[in-house]
A.B. asks: 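Right, I'll just put the structure down here and ask away after.
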Amino acid sequence: FNRNQKTSGPRPRSRTLTAVQDAILEDICYPTEIVGKRTRVKLDGKRIVKVYLDSKDQANFEGRTDTFASVYGKLTNKQVSFQ
């Protein structure tokens with residue numbers, strides 16, 4: 001678990017790749033709350049993350065979901081779709 005000789009102990013949860021990518025997703029769609037997330041794995045091995053946003057704020061994000069998906073895709077190299 002040690003990363004190198006200078007550092008002792010395992011990597012903190014806030015510094016892991018998953019935590020950083022979750023924080024990026026929260027920041028991208030900030031005014032709206034993320035209600036749920038599902039990872040769909042297709043038969044060819046592709047992974048698509050489905051993000052469910054709060055329906056009460058639908059007027060705020062209705063036309064911007066494509067922008068959210070493209071920005072998240074460029075930053076993290078993951079496919080995402082918003083519901």
Side-chain angles (χ1 to χ4, degrees):
F1 291 114
N2 290 340
R3 291 176 278 170
N4 58 21
Q5 297 298 331
K6 294 179 184 176
T7 341
S8 62
R11 178 174 285 124
R13 171 80 174 116
S14 62
R15 307 288 198 286
T16 61
L17 183 64
T18 308
V20 170
Q21 289 175 348
D22 288 345
I24 288 172
L25 187 60
E26 289 279 339
D27 290 343
I28 286 175
C29 48
Y30 164 65
T32 346
E33 265 189 57
I34 294 176
V35 178
K37 282 190 288 189
R38 301 286 183 273
T39 303
R40 180 168 183 222
V41 181
K42 292 188 174 183
L43 288 175
D44 59 353
K46 287 187 178 180
R47 292 175 182 243
I48 298 176
V49 179
K50 288 189 177 185
V51 178
Y52 298 97
L53 299 174
D54 200 0
S55 60
K56 67 179 180 181
D57 296 332
Q58 191 166 4
N60 292 338
F61 67 84
E62 192 168 337
R64 302 187 308 189
T65 55
D66 294 334
T67 307
F68 291 165
S70 66
V71 169
Y72 186 75
K74 289 286 183 180
L75 290 174
T76 62
N77 208 12
K78 284 187 172 184
Q79 283 188 328
V80 68
S81 69
F82 293 93
Q83 304 288 320

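What you see below is based on every heavy atom in this structure, not just the backbone, and it leaves out hydrogens, waters and symmetry mates. Being a predicted model, the structure only gives us computed values, none of them experimental.
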A.B. asks: Evaluate the side-chain proximity of I34 to C29: yes if any heavy-atom separation is below 4.5 Å, no if none is.
C.D. replies: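 A side-chain contact exists here, since the closest heavy-atom pair is under 4.5 Å.
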
A.B. asks: Could you report the tightest heavy-atom contact between K37 and V51, atom names first, then the distance?
C.D. replies: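 Answer, listing the atom of K37 first, then V51: CG-CG2, 4.2 Å.
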
A.B. asks: Could you give me the CA-CA distance, side-chain angles and deciding distance for T39 and I48, then say whether side chain to side chain contact (heavy atoms under 4.5 Å, CB included) is met?
C.D. replies: CA-CA 6 Å; T39 303; I48 298 176; over 6 Å; no

A.B. asks: Kindly compute the distance separating CD (Q83) from CZ (R38), expressed to the nearest 0.5 Å.
C.D. replies: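 That separation rounds to 11.0 Å.
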
A.B. asks: Going from CD on E26 to CD on E33, what distance comes out if it is rounded to the nearest 0.5 angstrom?
C.D. replies: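 It is 8.0 Å, given to the nearest 0.5 Å.
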
A.B. asks: In terms of hydrophobic clusters joined by side-chain contacts under 4.5 Å, are F82 and L75 together?
C.D. replies: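 Yes.
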
A.B. asks: Given side chains that start at C-beta, do those of T18 and R13 come closer than 4.5 Å, heavy atoms only?
C.D. replies: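 T18 vs R13: side chains touch.
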
A.B. asks: Identify the residue among V80, I28, L25 that makes a side-chain contact (heavy atoms from CB on, under 4.5 Å) with F68.
C.D. replies: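 Output: one option passes, namely I28.
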
A.B. asks: Rounded to the nearest 0.5 Å, what's the gap from CG on L53 to CZ on R64? Could you check?
C.D. replies: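 Result: 10.5 Å between the selected atoms.
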
A.B. asks: How close do D54 and F61 get, heavy atom to heavy atom, and via which atoms?
C.D. replies: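 Taking every non-hydrogen atom into account, O-CE2, 3.4 Å.
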
A.B. asks: Do K78 and Q21 meet the criterion of a side-chain donor-acceptor pair at a distance under 3.5 Å?
C.D. replies: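 The answer is yes; a qualifying pair exists.
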
